[in-house]
Chemist: 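Take this structure, written in C-alpha cells, and hold onto it; I'll ask about it next.
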Amino acid sequence: MAEITAALVKELREASGAGMMDCKKALAENNGEIEAAIDWLRKKGLAAAAKKAGRVAAEGLVGAVAEGNVGALVEVNSETDFVARNEQFQGFVSAVSRLALAHGDIEALKNAKHPEGGTVTEKLTTLVATIGENMNLRRVQRLAVGSGIVASYVHNAAAPGMGKIGVLVALESTGDAAKLQALGKQLAMHVAAANPQSLSIAEVDPASLERERAVLTEQARASGKPEEIIGKMVEGRVRKFYEDVVLLEQLYVIDGESRVKQVVEKAAKEIGAPVKLVGFARMALGEGIEKEEKDFASEVAAQLRA
C-alpha cells in the first residue's frame, strides 16, 4: 500500500476542495492515486453530506437584501462560526438571499435554480461535502409593498448584507424613495435593537395578551388593593406591555424620546406624502435552536482518532 503523506493529502485537498480527513480516507481507499481518490470523493459526496447532517448547526449567517419595493431574509446555518467567515459559504448566502426576493417559501427556495447550476439544495449538499460541516438553509422571510420601499439592515455584519441579525422594514408611500430608504434604515436599526413582537396593538397575539393579563392580574391582587383599583393597575401595566412589544408603541431607540408611530408621522410631513409602516421582519441567527454543550478537548481527541 502506498504511503499517504501530508503532501499527498494537501495535493488532493487542493484539487478537490474536500476536507483533510476525507482526503486522507480517499487516498487510503485508492492506494494513494490522486485521480482515483478524486473520483471516490465525488461518488461519496452525497453520503458524506448525509453523514454530517445529524450534527447540530446553530452558527452561520443571516442574509438580508432589499431592492425597491421587495426585500428578503434568509438564515443559513453551519456548525461553527469559523465557517461563517468562509468565502464559499458567504457566496452561497449572498446568492440565496437574492433568490429569496422571488421565492418567499422555504421549499420553493430550496428547489430554485442556483446561479452556478443545479438547485439550491444540490449546491448546499456540494458545499457540505467541500467544507466538511453540516449546513442547513433553515428559513426565509419576504416583504413587499405595492407603492413604497423595503429597507434592510444587518447587525454584526460579517460581510455586506449578512451577519448575526437581519431586519426588513416595509414603508408604503408615494414620497421620495431616497428619503424613505433613510427612514426605513433607521427604523430597521430600531427593530434590531428593540426586538418588537408585533407591528400594532391590533396584531398582538390574543393568547400572548391573555397570558400577560393573567400574570399582571395575579401580581396586582398580591398587593391587597380593592378590585376596582386592581383593574386600573392591570390596564396600566397592559399599556406598558404594549410599549415593550408593539413596534409602533415602542420608544424610538435613536432619540430615546418619541414613539415609533410619532417618528413615522413626523417623517411624512418632511417627505411631503403620507407614510405608513406596513410591516417588518427580524431574523436572529440560531434563535430557537438548542445548541450542544461540547467538551473541546474531547472533540479534538475524537478528530485525531478519526
Side-chain angles (χ1 to χ4, degrees), residues 60-77 84 90 92-110 112 120 137-200 202-205 245-250 252-254 260-261 263-264 267-268 271 274-288:
L61 290 168
V62 172
V65 61
E67 287 188 354
N69 66 339
V70 61
L73 299 173
V74 298
E75 181 182 0
V76 185
N77 298 122
Q90 291 181 356
F92 177 80
V93 175
S94 178
V96 172
S97 298
R98 300 199 68 79
L99 287 172
L101 290 172
H103 302 282
D105 174 78
I106 188 65
E107 292 305 319
L109 182 58
K110 287 180 177 179
V120 167
L137 173 54
R138 185 185 178 208
R139 51 183 174 157
V140 58
Q141 284 185 275
R142 182 179 179 274
L143 280 184
V145 291
S147 177
I149 63 95
V150 175
S152 65
Y153 169 71
V154 172
H155 188 64
N156 283 344
M162 60 192 83
K164 299 292 187 184
I165 298 175
V167 177
L168 299 175
V169 167
L171 296 173
E172 203 170 70
S173 178
T174 57
D176 181 84
K179 291 181 179 178
L180 286 170
Q181 276 289 349
L183 172 63
K185 177 72 174 290
Q186 288 191 320
L187 290 171
M189 292 172 71
H190 168 91
V191 171
N195 192 18
Q197 303 303 302
S198 63
L199 175 64
S200 65
E203 294 181 16
V204 172
D205 175 42
V245 303
V246 175
L247 176 55
L248 290 171
E249 306 299 321
Q250 285 181 331
Y252 192 42
V253 296
I254 292 176
V260 169
K261 59 185 177 184
V263 172
V264 175
I271 291 171
V275 177
K276 186 177 182 182
L277 176 52
V278 295
F280 75 94
R282 183 184 187 277
M283 192 177 285
L285 179 67
E287 58 190 352

Chemist: Taking the side chain from His190 and the backbone from Val253, do they hold a donor-acceptor pair closer than 3.5 Å?
Modeler: yes
Chemist: Is there a side chain to side chain contact (heavy atoms under 4.5 Å, CB included) between Ile149 and Leu183? Walk through the geometry before answering.
Modeler: CA-CA 10 Å; Ile149 63 95; Leu183 172 63; over 6 Å; no
Chemist: A quick test of your reading: do over 12 heavy atoms of other residues, nucleotides or ligands sit less than 6.0 Å from NZ of Lys110?
Modeler: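 Yes, NZ of Lys110 has more than 12 neighbouring heavy atoms, counting only those of other groups under 6.0 Å.
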Chemist: Testing the basics here: between Pro274 and Ser173, what is the closest heavy-atom pair and its distance to 0.1 Å?
Modeler: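 Closest approach of Pro274 to Ser173, heavy atoms only: O-OG, 2.8 Å.
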Chemist: Answer yes or no: is there a donor N or O on one side and an acceptor on the other, between the side chain of Arg282 and the main chain of Ala192, under 3.5 Å?
Modeler: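 Yes.
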Chemist: Taking all heavy atoms of Val167 and all of Leu73, pick out the closest pair and write down the distance.
Modeler: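 Distance-wise, the nearest heavy atoms are N-CD2, 3.8 Å.
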Chemist: Tell me, do Val154 and Val62 make a side-chain contact under 4.5 Å, heavy atoms counted?
Modeler: no
Chemist: Check whether any side-chain N or O of Asn77 sits under 3.5 Å from a backbone N or O of Gly60 as a donor-acceptor pair, and report yes or no.
Modeler: no
Chemist: Mind listing the closest non-hydrogen atom pair of Leu168 and Val65 along with its distance?
Modeler: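 What the structure gives for the nearest pair is CD2-O, 4.0 Å.
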Chemist: Considering all heavy atoms of both residues, which atom of Leu199 and which atom of Leu277 are nearest to each other, and what is their separation?
Modeler: CD2-O, 3.6 Å
Chemist: Between Gln250 and Val260 (side chain of the first, backbone of the second, donor and acceptor by atom type, cut-off under 3.5 Å), is there such a pair?
Modeler: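 Answer holds: no.
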Chemist: To check you understand the geometry: which heavy-atom pair defines the closest contact between Gly104 and Val140, and what is its length?
Modeler: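 So the minimum-distance heavy-atom pair works out to O-CG1, 3.4 Å.
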Chemist: Considering only NZ, NE, NH1 and NH2 on the basic side and carboxylate oxygens on the acidic side, decide whether Arg138 and Glu287 come within less than 4.0 Å.
Modeler: no
Chemist: Could you tell me which non-hydrogen atom of Ser198 sits nearest to which non-hydrogen atom of Glu203, and how far apart they are?
Modeler: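 It is CB-O, 3.8 Å.
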Chemist: Can you find a pair of side-chain heavy atoms, one from Val120 and one from Phe92, that are under 4.5 Å apart?
Modeler: yes
Chemist: Looking at Leu247, is its backbone amide N or carbonyl O close enough to the side chain of Glu249 to form a donor-acceptor pair, meaning the two atoms are under 3.5 Å apart?
Modeler: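 Answer holds: no.
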Chemist: Would the distance check show the side chain of Ser94 and the main-chain N or O of Gln90 forming a donor-acceptor pair, the cut-off being under 3.5 Å?
Modeler: no
